[in-house]
Amino acid sequence: MLKIHPIPAFKDNYIWVIHNENYAAVIDPGTAHPVIDYLQYEKLQLVAILITHHHNDHTGGIINLLNKFNVPVYGPHNESIPTLSHHVKENDEINLEALSLTLKVLETPGHTTDHIVYYGVNKIKMLFCGDTLFACGCGRLFEGTAQQMVNSLKKLSNLPDETMVYCTHEYTLENVRFARTVEPGNLTLQELEATAKELRKQNIPTLPTTISKENATNPFLRCDQPEVIQGACKHLGQTLSEPTHIFSTLREWKNNF
Ligand code: ZN
Ligand code: FE
């Protein structure tokens with residue numbers, strides 16, 4: 001039976017560890033120490049490191065982990081991550097034998113141009129999506145275009161409803177506050193806000209989320225919904241109909257929210 005465990009790091013990152021009784025893989029280790037502590041405490045042997053994109057809060061711990069564990073490091077081709085041993089691209093499959101788990105690579109440019117995510121099925125369906133998709137939000141457009149991000153998010157929203165979504169940041173409460181402003185009539189958002197507040201009060205992660213929850217609450221996946229379109233148009237003071245323009249308007253609005 002696999003466990004998927006969040007290790008909190010920095011201000012609001014989670015470093016996800018997938019493990020069974022003996023072996024572990026780690027996604028986006030922005031720092032090494034809390035990961036090493038967890039592996040020692042649980043008596044786990046690291047078998048792989050997986051990277052979604054080149055930002056330091058996702059890659060900063062690779063070197064110190066490699067000093068302790070001689071393991072493959074998977075990630076997108078990018079010269080700024082020299083520590084990768086395997087460059088992966090769309091539809092590549094990573095077979096983590098020790099975990100009886102195969103992860104499939106999907107390219108999701110937008111937040112960065114190199115961004116990839118990992119999707120796998122083992123009793124549950126799981127998605128490790130880095131900074132592309134957040135609970136009720138999405139990554140900022142640092143390198144990619146709005147059109148790229150819209151396509152990337154579409155790819156993720158089309159995954160099976162029950163897919164568990166493991167995002168890298170705890171942004172849920174601030175994202176819900178924005179989503180409620182965009183779509184005040186969405187009652188599911190009110191429930192989500194109440195649940196998330198309760199969890200955060202107890203310092204419990206609001207993640208994972210699921211694809212079905214995101215399709216029901218995330219304004220960035222709902223650019224075709226009348227109330228979201230209306231909210232974006234009202235904010236901009238202009239009539240928009242193209243989903244990409246709705247998306248860009250929401251993204252800009254959120255950046256300054
Ligand atoms: Zn990032
Ligand atoms: Fe990040």
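Indexing begins at 1, ligand by ligand and atom by atom, following the structure's order.
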- Task: Begin from the C-alpha positions of Tyr38 and His19 and carry the test side chain to side chain donor-acceptor pair (under 3.5 Å) through to its verdict.
- Result: CA-CA 11 Å; Tyr38 183 76; His19 68 91; 2.9 Å; yes
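Using a 4.0 Å cut-off between charged nitrogen and carboxylate oxygen, Glu174 and Arg177 do not count as a salt-bridge pair. The residues Glu90 and Lys155 are annotated as salt-bridged, a charged nitrogen and a carboxylate oxygen being separated by less than 4.0 angstrom.
Note: Phe134 and His169 have perpendicular aromatic rings, judged against thresholds of 30 and 60 degrees for the angle between ring planes.
For the atom pair CG of Asn151 and CD of Gln148, the computed distance is 8.0 Å after rounding to the nearest 0.5 Å.
Here the Zn ion (ligand 1) has protein N, O or S atoms under 2.8 Å from it, and they come to 4.
Here Glu107 pairs with nothing under the salt bridge (charged side-chain N to carboxylate O under 4.0 Å, His left out) rule; sequence neighbours left out.
A donor atom on one side chain and an acceptor atom on the other are found under 3.5 Å apart for His115 and Thr132. For the residue pair Asp114/His53, the side-chain donor-acceptor check at 3.5 Å is not satisfied.
Inside a sphere of radius 2.8 Å centred on the Fe ion (ligand 2), the protein N/O/S atoms present are Asp57 OD2, His58 NE2, Asp131 OD2, His169 NE2.
Contacts classified as ring-ring contact (aromatic ring centres under 6.0 Å, His included) and involving residues 198-235 (residues at least two apart or in different chains) are given here: Phe220-Phe247, His235-Trp253.
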